[in-house]
2 protein chains.
Amino acid sequence: MKDNNDMPGHLARRFQQIAVAVFLAEVGEAGFDLTPVQYAALATIKANPGLDQVTLAGLIAYDRTTITGVIDRLVQKNLIERRASPRDRRARELEITDEGRRTLRKITPAVESAQRIMLRGLSAKEGEELMRLLRKAIAAGNELSRAPLRQTLA
Amino acid sequence: MKDNNDMPGHLARRFQQIAVAVFLAEVGEAGFDLTPVQYAALATIKANPGLDQVTLAGLIAYDRTTITGVIDRLVQKNLIERRASPRDRRARELEITDEGRRTLRKITPAVESAQRIMLRGLSAKEGEELMRLLRKAIAAGNELSRAPLRQTLA
DNA sequence: TACTGATAGTCAGCATACTGATCAATATTG
DNA sequence: CAATATTGATCAGTATGCTGACTATCAGTA
């Protein structure tokens with residue numbers, strides 16, 4: 001019988017599971033309470049001030065229904081602001097707050113440390129190769145999930 | 001700034017996201033309603049008749065609290081049976097049913113097809129290399145998640 | 001301009017995953 | 001053997017992630 005270890009899907013799930021655990025551990029140790037998902041959203045909002053939720057979702061490949069809750073929690077933590085767009089009354093503009101900026105700055109070392117730890121079994125060259133192969137597989141499968149990556153910025 | 005595409009954690013999440021979508025699509029097209037998680041549990045129960053939930057969790061690296069719900073749903077679908085262990089009244093023995101066996105047999109082509117599709121951007125050699133690197137990274141990080149792999153069979 | 005279609009956001013519902021707690025039962029040890 | 005520690009399972013609570021439905025709004029067109 002085919003072993004779990006021969007199933008890319010199973011390996012994907014396991015690697016992601018470890019990645020999340022490492023992220024939460026490092027960030028938690030640094031004194032912050034941010035999930036990987038919240039971090040990616042926060043960093044993307046900072047890099048694209050005033051973007052709306054659909055655009056944000058496309059930039060990080062989240063489902064638009066998932067974004068709602070993530071944004072809720074970031075607002076609750078006072079890291080971002082959500083306000084109605086003057087140009088489109090359906091849309092909400094997202095803006096990072098000063099506290100969000102501060103948090104992002106202070107959390108960065110922990111985030112980078114986490115990325116290193118989750119690759120700690122690999123040499124630098126292997127780590128690079130793993131990321132290259134993941135990027136390539138992801139690019140080919142982008143349209144297969146409900147939440148594909150969309151590089152378009154309005 | 002560091003791009004998302006340079007973060008192994010983000011790539012892990014994205015690849016897993018696509019892997020799940022592909023699995024559900026293939027299995028659904030084949031006329032079945034099984035998640036990747038349920039499939040792995042079912043296949044492992046078939047391969048290890050009478051195992052208890054903690055052992056099952058260890059074999060597929062699930063959290064023990066997650067297993068409870070997964071088992072519930074497999075029982076509900078009549079694919080497995082859960083009964084008290086005669087040797088340890090705390091434990092539940094898990095056994096695949098005839099319908100579970102039938103389902104597993106008929107679903108296998110779709111599952112294998114899904115594994116191919118999620119690697120479709122890679123050559124055969126690259127696919128092998130990706131799996132090797134994932135296995136290696138996972139092995140080094142096994143103890144970092146709350147639900148590590150445990151090969152022990154009682 | 002009225003109609004049609006598309007889009008932004010939200011919601012209910014379901015299925016992983018985790019934290020931390022609890023209960024029952026088993027193991028260990030003084 | 002009695003006290004203690006450990007273990008198997010479950011539960012409540014929280015956070016992704018998805019499906020499918022819905023509202024409000026906008027855009028394009030007849």
Side-chain angles (χ1 to χ4, degrees), chain A residues 9 12-14 16-25 28 33-41 51-58 60-74 76-77 82-94 144-148 150 152 154, chain B residues 9 12-14 16-25 28 33-41 51-58 60-74 76-77 82-94 144-148 150 152 154:
Chain A
R13 176 190 156 281
R14 188 78 184 97
Q16 146 81 350
Q17 181 184 41
I18 291 170
V20 171
V22 169
F23 185 100
L24 292 176
D33 174 31
L34 260 200
T35 67
V37 161
Q38 289 165 15
Y39 170 80
L51 86 175
D52 63 292
Q53 295 185 194
V54 166
T55 305
L56 171 61
I60 47 188
Y62 291 3
D63 192 278
R64 71 187 192 288
T65 63
T66 302
I67 280 282
T68 301
V70 175
I71 296 296
D72 280 349
R73 287 178 280 277
L74 286 174
Q76 184 122 35
K77 291 176 184 177
R82 165 165 50 184
R83 48 171 194 274
S85 164
R87 283 161 313 186
D88 185 337
R89 300 221 308 273
R90 293 169 302 180
R92 311 301 169 87
E93 285 185 352
L94 305 173
L144 300 179
S145 80
R146 168 161 142 165
R150 298 276 179 241
T152 356
Chain B
R13 177 191 156 280
R14 187 79 185 97
Q16 145 81 350
Q17 180 184 42
I18 291 170
V20 171
V22 168
F23 185 101
L24 292 177
D33 176 32
L34 261 200
T35 67
V37 161
Q38 289 166 14
Y39 170 80
L51 85 175
D52 64 291
Q53 297 185 191
V54 165
T55 307
L56 171 61
I60 46 188
Y62 290 4
D63 193 277
R64 72 188 190 286
T65 64
T66 302
I67 280 281
T68 302
V70 175
I71 296 296
D72 280 348
R73 287 179 279 278
L74 287 174
Q76 184 123 32
K77 291 178 186 178
R82 165 167 48 185
R83 47 171 195 274
S85 164
R87 284 162 311 188
D88 186 337
R89 300 221 308 271
R90 291 169 303 180
R92 311 301 168 87
E93 285 185 352
L94 305 173
L144 301 179
S145 80
R146 169 161 141 164
R150 297 277 178 241
T152 355

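Below, read A as the first sequence line, B as the second, and so on, with proteins coming before strands; counting in each chain starts at 1.
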Are any side-chain N or O atoms of B/Tyr62 and backbone N or O atoms of B/Val37, one a donor and one an acceptor, separated by less than 3.5 Å?
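Indeed, once roles are kept as given, a pair shorter than 3.5 Å links the two residues.
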
Under 3.5 Å, side chain of B/Gln53 to main-chain N/O of B/Ile71, donor-acceptor pair present?
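No: the side chain of B/Gln53 does not pair with the backbone of B/Ile71.
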
Rounded to the Å, how far apart are [X] [atom1] and [N] [atom2]?
X       : N      : atom1 : atom2 : answer
B/Arg13 : C/dT16 : CZ    : P     : 18 Å
A/Arg92 : D/dT23 : CZ    : C1'   : 12 Å
A/Asp88 : D/dG28 : CG    : C1'   : 15 Å
A/Ile71 : C/dC11 : CD1   : P     : 14 Å
B/Asp52 : C/dA25 : CG    : P     : 16 Å
A/Phe23 : C/dC18 : CZ    : C1'   : 15 Å
A/Arg14 : C/dT16 : CZ    : P     : 17 Å
A/Gln76 : D/dT14 : CD    : P     : 11 Å

Which heavy atom of B/Gly9 sits nearest a heavy atom of A/Ala19, and at what distance?
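Taking B/Gly9 first and A/Ala19 second, the nearest heavy atoms are CA-CB, 4.2 Å.
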
So which atom in B/Val70 and which in B/Ala41 form the shortest heavy-atom distance, rounded to 0.1 Å?
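For B/Val70 versus B/Ala41, the nearest heavy atoms are CG1-CB, 4.2 Å.
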
Proximal nucleotide (of [options]) relative to the [X] side chain:
X       : options                : answer
B/Val54 : C/dA17, D/dG8, C/dG9   : D/dG8
B/Arg90 : C/dA17, C/dA6, D/dT6   : D/dT6
B/Arg89 : D/dT10, D/dT25, C/dA25 : C/dA25
B/Thr66 : C/dA25, C/dT7, C/dC18  : C/dC18

Out of curiosity, A/Arg92 CZ to A/Leu51 CG, how far, rounded to the nearest 0.5 Å?
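Separation between the atoms: 14.0 Å.
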
Could you give the distance from CG (A/Asp72) to CD1 (A/Ile67), rounded to the nearest 0.5 Å?
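That separation rounds to 11.0 Å.
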
Both A/Leu24 and A/Gln53 contact DNA chain C. Which one's nearest nucleotide lies toward the 5' end?
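Of the two residues, A/Gln53 wins.
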
Filtered N/O pairs between nucleotides 13-15 of chain C and protein, under 3.5 Å:
none

My understanding is that only one of B/Leu74, B/Asp52, B/Leu56 makes a side-chain contact (heavy atoms from CB on, under 4.5 Å) with B/Leu94; could you say which?
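Filter result, single survivor: B/Leu56.
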
Step-by-step side chain to side chain contact (heavy atoms under 4.5 Å, CB included) determination, A/Thr35 to A/Val20:
CA-CA 8 Å; A/Thr35 67; A/Val20 171; over 6 Å; no

A/Asp33, CG atom: more than 12 neighbouring heavy atoms under 6.0 Å
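Not buried by this count: 12 neighbours or fewer within 6.0 Å.
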
Complement of D/dG17, any strand, by Watson-Crick or G-U distances under 3.5 angstrom
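Paired with C/dC14.
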
Select base, sugar-phosphate, or nothing to describe what A/Ala21 touches, counting heavy atoms under 4.0 Å on all strands.
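The residue A/Ala21 makes no contact with any strand.
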
I want to check one thing: is the phosphate of C/dG9, taken as OP1 and OP2, less than 4.0 Å away from some side-chain N or O of A/Arg82?
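A/Arg82 to C/dG9 OP1/OP2: no side-chain N or O under 4.0 Å.
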
D/dC18 phosphate, OP1 or OP2: any side-chain N/O from B/Gln17 under 4.0 angstrom?
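For B/Gln17, the contact criterion (side-chain N or O under 4.0 Å from OP1 or OP2 of D/dC18) is met.
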
For B/Arg14 and B/Gln17, test the side chains for any donor-to-acceptor distance below 3.5 angstrom and give the result as yes or no.
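Checked: B/Arg14/B/Gln17 side chains pair up, N/O donor to acceptor below 3.5 Å.
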
Between A/Arg87 and B/Ile67, which is nearer to the 5' end of DNA chain D once each is assigned its nearest nucleotide?
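Upstream on the strand: B/Ile67.
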
Identify each atom pair where a protein N or O and an N or O of nucleotides 20-23 of chain C are less than 3.5 Å apart, giving names and distance.
from	atom 1	to	atom 2	distance (Å)
C/dG20	N7	B/Arg146	NH1	3.4
C/dA21	N6	B/Arg64	NH2	3.2

